[in-house]
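Just the heavy atoms: all of them, side chains too, but no hydrogens, waters or symmetry mates, feed the values below. Since the structure is predicted, the reported quantities are computational estimates derived from the model, not experimental observations.
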Amino acid sequence: MPPVEGGLGQPAETGSRRGTLLALLGVVTFSLTFPSTVWGLESFGPWSLVALRSLLAAALSGGLLLAARARVPAREHWAGLAVVAGGVVVGFPLLTTLALRTSTTSHAAVVVGLLPLTTAVFSSLRTGTRPPRAFWAAAVAGAAVVIAFTVAQSGGALSAGDLYLFGALLVCAAGYTEGGRLAKVMPGWQVTGWALILTLPLTLAGAAVALAYEPVRLTVHGVVGLVWVSAVSTFLGLYVWYRGMAEIGVARASQLQLAQPLLTLFWSFFLLGEEVAAAAPVAAVAVLVCIALTQRAGRTRS
């Protein structure tokens, strides 16, 4: 059964509610990542943006690790941290940023639409957890709704960046699974922090090379986009996300991300001026029903 206790002496239901709220806060921060990335690309090239994003987030995390005098993780945890670093810190940001050069944010949201189901599958294989059939049925239904909505909105055509997007889906699901597992043995912010520190040599070298070859044209949108994806999406968002996963389980938390594509569509409309289909409210209600079913199924698992 997924861990739901909020802490020593804390009722399980209280911990479950808190974990759900933390995971939902992570989803909200992640939903702004694609629009912020589009803003960031106004000022930076894709390779520069990803490298600077990781460097700024690593600086924040490193300062916090030093201030808290956090212990260096045990040797057996570094392999998992490497998966988090490769999947969430480097792989997903790089692949989605490359995709967003040619894909709209609404089309790229299909990655997030498939991510909850993929993460649940990775988690089941990696940790041996076996959610009930009702959970899988609701998860697949929710993924189907999101896929149908996003593909219909894009006119049924697949963009040139789809290979990047599907690659991002796989590496991110692996990173989320390992991060959720590690967040049970160390604080979520430390999972994020040490993964970012692990990538420092790569991101430092990458930033030096990318900034030498890609032009930089600073704009307000570009700077705001970089700050958001660094300080919020990568640092704060991953912190609350991993902490929420540690409390309610990777599979249940992952299904909350079914709401992320629809939130991204909302932000894309208001921040980027992209058109949103009239079917959005219908899809939103259907996805929320699927989320409620997955959360109920997860709680009743014995």
Side-chain angles (χ1 to χ4, degrees), residues 23-61 87-113 115 146 150 153 159 161 164-165 167-169 171-172 175-176 192 195-196 199 203 206-207 210-211 214-242 256-257 259-276 280:
L24 280 172
L25 180 58
V27 170
V28 173
T29 64
F30 296 154
S31 71
L32 277 156
T33 299
F34 285 172
S36 299
T37 299
V38 171
W39 276 5
L41 288 171
E42 291 184 12
S43 295
F44 306 96
W47 296 89
S48 300
L49 180 61
V50 172
L52 291 173
R53 166 183 178 166
S54 297
L55 282 177
L56 292 177
L60 291 172
S61 297
V88 180
V89 176
V90 177
F92 186 80
L94 177 60
L95 291 170
T96 53
T97 299
L98 291 172
L100 285 169
R101 293 181 304 167
T102 56
S103 298
T104 63
T105 57
S106 55
H107 182 83
V110 73
V111 173
V112 182
L115 187 55
V146 172
T150 51
Q153 190 187 35
S159 70
Y164 288 131
L165 294 175
L169 165 71
V171 298
C172 191
Y176 278 174
T192 303
L196 285 163
T199 63
T203 53
L211 288 172
E214 292 181 337
V216 176
R217 296 179 293 272
L218 294 181
T219 65
V220 174
H221 278 176
V223 173
V224 170
L226 173 61
V227 170
W228 183 272
V229 295
S230 303
V232 184
S233 295
T234 304
F235 179 67
L236 177 62
L238 286 176
Y239 163 61
V240 296
W241 175 244
Y242 284 138
L256 295 173
Q257 278 197 304
Q260 188 173 324
L262 300 176
L263 287 172
T264 297
L265 292 173
F266 174 84
W267 298 123
S268 298
F269 174 78
F270 282 100
L271 298 178
L272 304 178
E274 291 186 4
E275 293 185 7
V276 177

**Spacing of CG belonging to Leu263 relative to OG belonging to Ser268, to within rounding of 0.5 Å** = 10.5 Å

**Message:** Minimum heavy-atom separation for Val50 and Pro93, please, with both atom names.
**Reply:** CG2-O, 3.7 Å

**Request:** Give, for atom CG of Leu265 and atom CG of Leu272, the distance between the pair rounded to the nearest 0.5 Å.
**Result:** 11.0 Å

**Request:** Report the distance from atom CG of Leu32 to atom CD of Gln260, rounding to the nearest 0.5 Å.
**Result:** 9.5 Å

**Prompt:** Residues in side chain to side chain donor-acceptor pair (under 3.5 Å) with Thr192, at least two apart?
**Reply:** none

**Message:** Side chains of Ser54 and Thr203 only: does a donor on one sit below 3.5 Å from an acceptor on the other?
**Reply:** no

**Item:** Considering all heavy atoms, the nearest Ala168-Phe92 contact
**Value:** O-CD1, 3.4 Å

**Message:** Just verifying a value: how many Å separate Arg217 CZ and Leu41 CG, rounded to the nearest 0.5 Å?
**Reply:** 10.5 Å

**Message:** For the aromatic rings, using the six-membered ring if either is Trp, is the centroid distance between Tyr239 and Phe235 under 6.0 Å?
**Reply:** no

**Request:** Would you name the heavy atoms of Tyr164 and Arg101 that are closest together and state the gap between them?
**Result:** OH-NH2, 4.3 Å

**Item:** Trp47/Leu98 under side chain to side chain contact (heavy atoms under 4.5 Å, CB included): CA gap, chis, key distance, verdict
**Value:** CA-CA 8 Å; Trp47 296 89; Leu98 291 172; 4.1 Å; yes

**Message:** Let's go through Leu211 and Leu52 carefully: what are the C-alpha distance in whole Å and the side-chain angles of both, what is the deciding distance for side chain to side chain contact (heavy atoms under 4.5 Å, CB included) to 0.1 Å, and is it a yes or a no?
**Reply:** CA-CA 9 Å; Leu211 288 172; Leu52 291 173; 4.2 Å; yes

**Message:** I'd like to check the side chain to side chain donor-acceptor pair (under 3.5 Å) partners of Thr97; sequence neighbours left out, ordered by chain and number.
**Reply:** none

**Complete:** Taking every heavy atom of Glu214 against every heavy atom of Ser48, the minimum-distance pair comes out as OE1-OG, 2.7 Å

**Prompt:** Is the Tyr176 ring parallel, tilted or perpendicular to the Phe30 ring (thresholds 30°, 60°)?
**Reply:** parallel

**Fill in**
Leu95 and Gly167 have their tightest heavy-atom pair at CD1-C, 3.5 Å

**Item:** Reported CG-to-CZ distance for the pair Leu49 and Phe44, which is rounded to 0.5 angstrom
**Value:** 7.0 Å

**Request:** Answer whether the closest heavy-atom distance between the side chains of Val224 and Ser36 falls below 4.5 Å.
**Result:** no

**Steps toward side chain to side chain contact (heavy atoms under 4.5 Å, CB included) verdict (Trp241, Val27)** = CA-CA 7 Å; Trp241 175 244; Val27 170; 3.9 Å; yes

**Asked** What is the minimum heavy-atom distance between Leu165 and Ala99, and which atoms define it?
**Response** CD2-CB, 3.5 Å

**Prompt:** Which residues satisfy the side chain to side chain donor-acceptor pair (under 3.5 Å) test with Ser230, sequence neighbours excluded?
**Reply:** none

**Item:** Test side-chain contact (heavy atoms from CB on, under 4.5 Å) applied to Val90 - qualifying residues, sequence neighbours left out
**Value:** Thr199, Leu202

**Tyr242: partners by ring pair (Phe, Tyr, Trp, His ring centres under 6.0 Å), with sequence neighbours left out** = none

**Message:** Once side chain to side chain donor-acceptor pair (under 3.5 Å) is applied, do any residues pair with Trp267, and if so which ones, sequence neighbours excluded?
**Reply:** Ser31

**Request:** Starting from the C-alpha separation in whole Å, work towards a yes-or-no answer on side chain to side chain contact (heavy atoms under 4.5 Å, CB included) for Leu226 and Ser43.
**Result:** CA-CA 9 Å; Leu226 173 61; Ser43 295; over 6 Å; no

**Asked** CZ/Phe34 to CG/Leu100 distance, rounded to the nearest 0.5 angstrom?
**Response** 6.0 Å

